[in-house]
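What follows is a set of notes on a single structure, which appears directly below.
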2 protein chains.
Amino acid sequence: MRERILDTALEVFNEHGYDKASLREIAERLGVTKAALYYHFERKEDILLQLHLRLHALGRQALDRLKDLDDPRDGLAAWPGLIDHLIDEITNNRDLFLLHQRNHNAFEQLQDTEHHRADHDDLEERMERLLTDPTIPLAQRVRMACSIGAVMGTLMRGSEIFGDVPATEVAELLRDAVHDLMGTAAARP
Amino acid sequence: MRERILDTALEVFNEHGYDKASLREIAERLGVTKAALYYHFERKEDILLQLHLRLHALGRQALDRLKDLDDPRDGLAAWPGLIDHLIDEITNNRDLFLLHQRNHNAFEQLQDTEHHRADHDDLEERMERLLTDPTIPLAQRVRMACSIGAVMGTLMRGSEIFGDVPATEVAELLRDAVHDLMGTAAARP
DNA sequence: GTCTATATTTCGATAGAC
DNA sequence: GTCTATCGAAATATAGAC
């Protein structure tokens with residue numbers, strides 16, 4: 001039941017935005033009442049938190065692979081694999097990524113109240129640490145940020161723009177584009 | 001005074017998100033009361049609408065330039081100029097773009113209630129029309145979407161990641177990156 | 001144009017029965 | 001685990017004086 005609530009909440013949150021989405025509507029879609037939700041989650045915020053953890057789990061393994069490299073600069077070699085992974089994950093979990101992107105403020109305020117800051121080692125912070133790593137040339141870091149933005153920006157609104165094109169075809173073109181984007185970076189100082 | 005309200009509202013909206021931002025806080029920062037705001041704007045929604053129009057004005061001229069081309073495929077030649085323009089506009093109006101990106105749902109619900117759909121010819125719709133234009137090869141359209149995502153994604157979180165780097169330097173690297181991204185696209189079928 | 005009230009609504013959250 | 005009923009808070013919005 002917890003999972004059913006989370007699935008439905010994800011739907012409603014994406015339709016109205018987290019703030020304007022009401023627990024009443026979530027409950028109604030599940031055929032129960034508001035109070036029933038409070039048996040499974042203490043606060044509305046906790047529902048969002050669990051969805052955040054879903055998202056976090058998706059990225060953890062990918063970033064762990066990068067982290068285990070001895071030399072952070074080897075990250076460049078691992079980058080294409082990371083991007084491929086990202087493309088797959090966004091394609092398979094677009095709702096989750098959409099929620100995160102379009103409710104940025106809600107997720108930010110989540111971290112303020114978050115009690116378990118110690119263990120959860122936020123996904124975005126790790127990405128930020130990577131993009132600010134001074135041992136990586138600035139030009140490359142900019143291109144890393146570009147590639148992430150390109151993948152996100154293209155796939156997020158994917159269904160509206162490239163909705164009539166097979167997802168695998170878009171993914172392929174996307175990989176090509178990012179390849180060109182990162183490829184020439186190594187040739188520069 | 002209207003402009004002062006809009007400026008302050010933009011600040012508060014970006015700090016707490018549109019939904020959680022209260023008119024009380026906006027009024028307090030201006031040293032007036034809530035009721036005073038209602039003399040200048042009929043509803044909270046109208047404040048957001050005016051900020052939307054500010055954003056819309058920024059993009060209109062750029063897209064108009066593209067629109068006036070006889071052959072839509074000439075858009076490819078004009079694309080680098082459009083991207084340069086976009087980079088400048090985001091750099092000079094980051095708060096406005098941030099508001100739009102991080103409160104997507106609020107802006108969506110804005111259009112539902114919007115009375116003046118006729119004239120306002122939404123910026124996003126025009127961009128979407130361009131990216132779905134079937135006379136442009138799919139590979140190029142994907143790269144157009146990529147370049148927009150790259151610019152947005154990099155500059156939006158710019159102050160947090162590349163905050164210690166001069167904006168002009170980031171912009172320069174960004175232009176290079178987008179150039180490589182679009183450059184090789186022409187060489188493909 | 002700005003103020004002091006106050007009306008109205010909606011939502012998150014709780015208490016206690018079943 | 002789910003229900004009915006209700007509380008309390010907060011926000012948008014309005015009425016009318018100055």
Side-chain angles (χ1 to χ4, degrees), chain A residues 1-53 99-100 102-116, chain B residues 1-53 99-100 102-116:
Chain A
M1 183 62 188
R2 255 181 86 94
E3 298 303 311
R4 284 184 62 213
I5 294 177
L6 288 175
D7 293 339
T8 306
L10 179 56
E11 281 180 24
V12 178
F13 287 171
N14 268 337
E15 283 177 31
H16 306 313
Y18 170 74
D19 291 294
K20 299 212 80 167
S22 67
L23 298 181
R24 181 190 52 76
E25 181 168 352
I26 297 174
E28 273 176 6
R29 285 199 200 182
L30 288 166
V32 297
T33 64
K34 226 176 19 170
L37 302 183
Y38 278 92
Y39 174 81
H40 299 278
F41 297 93
E42 286 192 0
R43 288 157 303 196
K44 180 185 181 184
E45 217 181 11
D46 289 335
I47 299 181
L48 188 65
L49 175 59
Q50 293 306 316
L51 290 174
H52 190 187
L53 293 183
L99 179 72
H100 184 263
R102 298 189 173 175
N103 295 275
H104 193 274
N105 289 287
F107 279 95
E108 241 177 12
Q109 289 171 358
L110 205 57
Q111 297 182 335
D112 296 344
T113 326
E114 243 164 329
H115 327 294
H116 52 296
Chain B
M1 182 63 187
R2 256 179 85 96
E3 298 302 310
R4 285 185 63 214
I5 294 177
L6 288 175
D7 292 339
T8 306
L10 179 55
E11 282 180 22
V12 178
F13 288 171
N14 268 338
E15 284 177 30
H16 306 313
Y18 171 75
D19 291 294
K20 299 213 79 167
S22 66
L23 298 180
R24 181 190 52 76
E25 182 169 352
I26 296 174
E28 274 176 5
R29 284 199 202 183
L30 288 167
V32 296
T33 65
K34 236 178 2 175
L37 302 183
Y38 278 92
Y39 173 82
H40 298 276
F41 298 93
E42 286 192 1
R43 287 158 303 193
K44 180 185 182 185
E45 218 181 13
D46 289 336
I47 299 181
L48 188 66
L49 174 59
Q50 292 306 316
L51 290 173
H52 190 188
L53 292 184
L99 180 71
H100 184 263
R102 297 189 173 175
N103 294 275
H104 193 275
N105 289 286
F107 279 94
E108 241 177 12
Q109 289 170 358
L110 205 57
Q111 297 181 336
D112 296 344
T113 325
E114 243 165 327
H115 327 293
H116 51 297

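Note on naming: letters A, B, ... go to the chains in the order of the sequence lines (proteins, then strands), and numbering restarts at 1 for each one. Keep in mind that what you see is a predicted model, and the values were worked out from it rather than measured.
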Within a strict 4.5 Å, meaning less than it, do heavy atoms of the Leu99(B) and Leu48(B) side chains meet? yes

Given Asn103(B) and Phe13(B), is the side-chain contact (heavy atoms from CB on, under 4.5 Å) satisfied, shown in steps? CA-CA 9 Å; Asn103(B) 294 275; Phe13(B) 288 171; 5.6 Å; no

Classify the ring geometry of His52(A) against His100(A): parallel below 30°, tilted from 30° to 60°, perpendicular beyond 60°. tilted

Calculate the interatomic distance between [X] atom [atom1] and [N] atom [atom2]; express it in whole Å.
| X | N | atom1 | atom2 | answer |
| --- | --- | --- | --- | --- |
| Ile5(B) | dG1(C) | CD1 | P | 10 Å |
| Glu3(B) | dG1(C) | CD | P | 13 Å |
| Arg2(B) | dG1(C) | CZ | C1' | 14 Å |
| Glu25(B) | dA11(D) | CD | P | 9 Å |
| Leu23(A) | dT14(C) | CG | C1' | 13 Å |
| Asp19(B) | dT10(C) | CG | P | 16 Å |
| Ile47(B) | dA11(D) | CD1 | C1' | 13 Å |
| Arg43(B) | dT9(C) | CZ | P | 17 Å |

Measure from the side chain of Arg24(A), starting at C-beta and using heavy atoms only, and say which of dA13(D), dC11(C), dG12(C) lies closest. dC11(C)

Any donor-acceptor pair under 3.5 Å linking the side chain of Arg24(B) with the backbone of Lys34(B)? no

Report, one pair per line, the protein and nucleotides 2-6 of chain C atoms (nitrogen or oxygen only) whose separation is under 3.5 Å.
residue, atom, partner, partner atom, Å
dT2(C), OP2, His40(B), NE2, 2.9
dC3(C), OP2, Thr33(B), N, 2.5
dC3(C), OP2, Thr33(B), OG1, 2.8

Spatial distance of atom OG1 (Thr33(A)) from atom CG (Leu23(A)) [nearest 0.5 Å]: 11.0 Å

Looking for any heavy atom pair under 4.0 Å, which part of the strands does Ala27(B) touch: base, sugar-phosphate only, or nothing? nothing

Here's one to test your reading of the geometry: is the NZ or CZ of Lys44(B) within 45 degrees of the ring axis of Tyr18(B) and under 6.0 Å from its centre? yes

